[in-house]
Each structure stands twice: as structure tokens, then as C-alpha cells.
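Quick caveat, the model's predicted, so the values are computed rather than measured. Residue numbers run from 1 in the order of the sequence given.
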Amino acid sequence: MGLQMKKSTIMNSLNSDRICNAALAFLLVLLLATCGDTDKKSYQGYAEGEYVYVATSVAGRLDKLLVSRGQQVEASAPLFVLEHENETAQVQQAKAQLEDLKTGKRKEELDVLRDQLAQAITAEDLSATQAARDEKQYKVIAISKAQLDTSRSALTSAKAHVQELRNQLKTGELPGREEQIRAAEAALAQAEWKLSQKSVATAQAALVFDTLFVEGEWVPAGTPIVSLLPPGNIKVRFFVPEETVGKLKAGQAATVHCDGCAKDVSVLITYISPESEFTPPVIYSNETRSKLVFMIEARPKVEDAILLHPGQPVEVRINE
């Protein structure tokens with residue numbers, strides 16, 4: 001009886017162990033399946049920055065470098081200033097020429113024209129008097145026809161000279177012609193633009209990633225002086241296998257995890273490469289070597305982009 005009870009107890013214990021082992025095996029399979037599923041949805045990648053290289057279209061000596069590497073700058077913050085003495089002088093000259101055209105001739109020049117007009121009027125009166133006298137003399141045959149013609153011609157010339165001086169005086173009292181003024185305004189605008197190219201400010205808030213010249217160096221036209229990294233220019237690149245790329249689409253959400261980050265970062269897929277490539281060395285591992293993958297790009301929100309740093313390895317999980 002005691003032996004039968006002991007056998008029953010052992011059998012019950014074995015059955016219990018089998019049940020426990022079966023349960024543990026089921027849990028292990030479930031855990032492995034879950035881990036495998038996680039691995040399929042977790043992909044390696046890195047953060048990347050699209051840098052803004054700030055240059056100017058004119059050459060010159062770098063007089064002032066107003067930022068330093070690693071500095072955060074706000075929008076419209078000044079970055080650098082090139083020497084600009086010549087451009088400043090050109091602006092002042094263009095302004096003076098425009099002002100001169102708008103105000104007309106100077107008072108002294110107008111006074112000279114007025115004196116010349118007065119003398120011409122006097123000469124016209126004398127010519128008129130002489131012509132009238134010669135008309136009477138010719139009627140009594142006291143002078144020849146040639147002498148009368150000379151008097152008439154002198155009067156006509158004197159009148160034309162008076163009219164010419166009156167027109168010059170009228171023109172001198174007016175501002176320059178509209179065409180001349182427009183040409184002067186265009187010259188001033190061009191001079192001011194050249195001057196503006198000698199000092200450059202940021203278009204948006206950004207991190208000063210690097211400075212490429214020091215004060216006193218000559219900067220050729222079009223050569224970058226400062227490189228900036230706006231928060232909106234930070235993106236994530238990661239790589240997925242062929243069986244996964246067909247399930248992804250632009251605008252799809254994903255989550256980025258990186259070591260040392262304060263929190264995971266939400267991103268949206270913005271680009272899916274149409275061509276496959278071998279796993280890049282930056283994410284090389286024994287598991288991923290010799291595999292063809294597709295490159296995916298995703299961007300975080302601007303306020304979260306500062307959590308990521310170019311070149312930083314990341315792990316990306318696609319959100320369902």
C-alpha cells in the first residue's frame with residue numbers, strides 16, 4: 001500500500017515536471033519568437049548631417065570672424081566680415097551721383113547761364129535795332145541788298161542764341177532725365193549689393209560645425225568660410241533587407257535608439273533607395289556581412305534632432 005502510494009506520488013511528480021517543462025518550453029519558444037521578431041524589426045544605421053557651407057561671391061581679406069566652432073547661433077546672426085573699403089567708397093560715389101541728378105545743376109552753374117542769357121538778349125536788341133535801320137536805308141537805296149541781308153541774318157542768329165540759352169537754363173533748373181536717374185539708381189543698387197557681400201549672416205539657427213579660415217587670410221570668391229549644421233538638416237540612415245523594403249513607404253514612422261541618448265527619437269521615413277547595396281562597413285558585423293540591403297533615410301522633428309550627432313551609430317525600429 002505504501003509502495004503504491006509512493007509510486008503514485010512519483011508519477012504525479014513526473015507529470016507535474018512534464019507540465020512545468022512543457023510550459024517552460026512554450027515560454028522559451030514564445031520568447032525566442034518574440035526576440036526573433038524584434039530582430040527583424042530592428043535595423044542598424046547612423047546619424048548624418050547635411051552641412052551648409054557659407055561663402056560669398058566676392059573675394060577679400062577676412063577682417064572679422066564672428067563665430068567659433070561648436071557655437072550655437074540664432075537666425076540672422078553675423079558670421080564674418082571681409083575688408084570693404086573700396087565697396088564703401090563706390091556706394092558713396094553712386095549716392096552722390098544720384099543726388100546730383102535729382103537736384104539739377106548747381107547754383108553757380110545756373111548763374112553763369114543767366115549772365116550769358118542777359119548778354120544774348122542785349123545782342124539781340126542791338127541786332128534788331130540795326131536791322132530796322134537797314135530796312136529804312138534800303139528803301140531809300142542808301143545801302144545794298146547784301147548789307148540788308150547781313151543785318152537780317154545777324155538778327156536771326158541772335159534770336160536763336162537767346163532761345164538756346166533759355167532752354168539750357170530751363171533744363172539746368174530741372175532734375176536729371178528719368179533714364180539717367182534710373183541708371184544711377186541701378187548703379188547704386190549694384191554698389192550696395194557688392195558691399196553687402198562683404199558681410200554675411202546666418203539664414204537660420206544652426207550649430208557652427210567648423211570655421212575654415214582665420215582672420216587676416218585672403219578668401220577667394222565662392223570659397224566657404226563657415227560650415228553650419230541646422231537642426232533640420234540632421235537625418236538618420238539605416239539599412240533593411242530585401243524582404244522588408246517592400247513593406248516600407250515614405251511618411252512611415254519609426255523609432256531611433258542610440259546609446260547615451262536621453263530618450264528614443266521618433267522619425268519619419270523620407271526616402272527609400274530603389275537600388276540595393278552591400279552592407280556598408282560602418283554597420284559591419286558577422287551577421288550582416290555579404291548581405292544586400294536597401295538604404296532608408298528618415299528625419300526627426302527639429303526639436304528632437306539635437307539629440308542625434310552625425311556619425312553616431314543608431315538602432316531603428318519600424319513602428320506598426
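When every heavy atom of Pro220 is checked against every heavy atom of Phe213, the shortest pair comes out as CD-CZ, 4.3 Å. The two residues Ala221 and Ala59 have their closest heavy-atom pair at N-CB, 3.6 Å. The minimum heavy-atom distance linking Asp63 with Glu215 is given by the pair O-CD, 3.6 Å. In plain terms, the two heavy atoms of Leu188 and Lys95 that are nearest each other are CD1-CG, 3.4 Å. Residues Val54 and Leu228 approach most closely at CG2-CD1, 3.8 Å, considering heavy atoms. A pairwise comparison of heavy atoms in Leu165 and Ala120 identifies CD1-CB, 3.6 Å as the closest pair.
A salt bridge links Arg237 with Glu297: the closest approach of a Lys/Arg side-chain nitrogen to an acidic carboxylate oxygen falls below 4.0 angstrom.
The distance from the CD1 atom of Ile269 to the CZ atom of Arg299 is 13.5 Å, given to the nearest 0.5 Å. A distance of 6.5 Å separates CD in Glu124 from CG in Leu155, rounded to the nearest 0.5 Å. Atom CD1 of residue Ile296 and atom CG of residue Leu248 lie 5.5 Å apart, to the nearest 0.5 angstrom. One distance of note links CG of Asp134 with CD1 of Ile143; it measures 4.0 Å at 0.5 Å rounding. Between the SG atom in Cys258 and the NZ atom in Lys263 there is a gap of 11.5 Å [rounded to 0.5 Å]. The OH atom of Tyr46 sits 8.5 Å away from atom NZ of Lys235, with the distance rounded to the nearest 0.5 Å.
A distance-only check finds a donor-acceptor pair linking the side chain of Thr129 to the backbone of Asp125 [under 3.5 Å]. Remark: the backbone N or O of Ala75 is not paired with any side-chain donor or acceptor of Gln204 at under 3.5 angstrom. Checking side-chain atoms of Ser153 against main-chain N and O of Thr150 turns up no donor-acceptor pair under 3.5 Å. In terms of modelled atom types and a separation under 3.5 Å, the side chain of Gln119 and the main chain of Gln116 share no donor-acceptor contact. A donor-acceptor pair under 3.5 Å links the side-chain atoms of His84 to the main chain of Leu82, judged by distance alone. The closest donor-acceptor contact from the side chain of Gln130 to the backbone of Ser127 lies at 3.5 Å or more, if one exists at all. Thr211 places no side-chain N or O within donor-acceptor distance of the main-chain N or O of Ser68, the cut-off being under 3.5 Å. The main-chain N or O of Phe209 is never found under 3.5 Å from a side-chain atom of Ser227 such that the two would form a donor-acceptor pair. Of the possible polar contacts, one joining the Glu217 side chain to the Val214 backbone as a donor-acceptor pair under 3.5 Å is found.
The number of heavy-atom neighbours closer than 6.0 Å to CD of Glu85, taken from other residues, nucleotides and ligands shown, is above 12. Crowding of Glu303 atom CD: a count of heavy atoms from other residues, nucleotides or ligands under 6.0 Å exceeding 12. Other residues, nucleotides and ligands contribute more than 12 heavy atoms inside 6.0 Å of the CD atom of Glu185.
Between Asp304 and Ser266, the side chains place no donor N or O within less than 3.5 Å of an acceptor N or O (distance only, hydrogens not considered). No hydrogens or angles considered: a donor-acceptor pair under 3.5 Å links the side chains of Ser42 and Glu315.
Put simply, the side chain of Glu277 reaches to within 4.5 Å of the side chain of Phe239, judged on heavy atoms. With a 4.5 Å cut-off on side-chain heavy atoms, Val293 and Val240 do not count as touching. Side-chain contact check for Lys136 versus Lys139: every heavy-atom pair is 4.5 Å or farther apart. The side-chain heavy atoms of Leu62 and Phe80, taken from C-beta on, include a pair separated by under 4.5 Å. You'll find the side chain of Tyr43 reaches within 4.5 Å of the side chain of Pro241, heavy atoms only. Looking at Asp210 and Val226, their side chains never come closer than 4.5 Å, going by heavy atoms from C-beta outward. For the pair Glu83 and Trp218, the minimum side-chain heavy-atom distance is below 4.5 Å. Residues Leu117 and Val162 are in side-chain contact: their nearest non-hydrogen atoms beyond the backbone lie under 4.5 Å apart.
Just one of Lys194, Lys198, Gln92, Gln197 meets the side chain to side chain donor-acceptor pair (under 3.5 Å) condition when paired with Glu87; it is Lys198.
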*Can Val256 and Asp264 be said to form a side chain to side chain contact (heavy atoms under 4.5 Å, CB included), step by step?*
CA-CA 6 Å; Val256 174; Asp264 289 348; over 6 Å; no

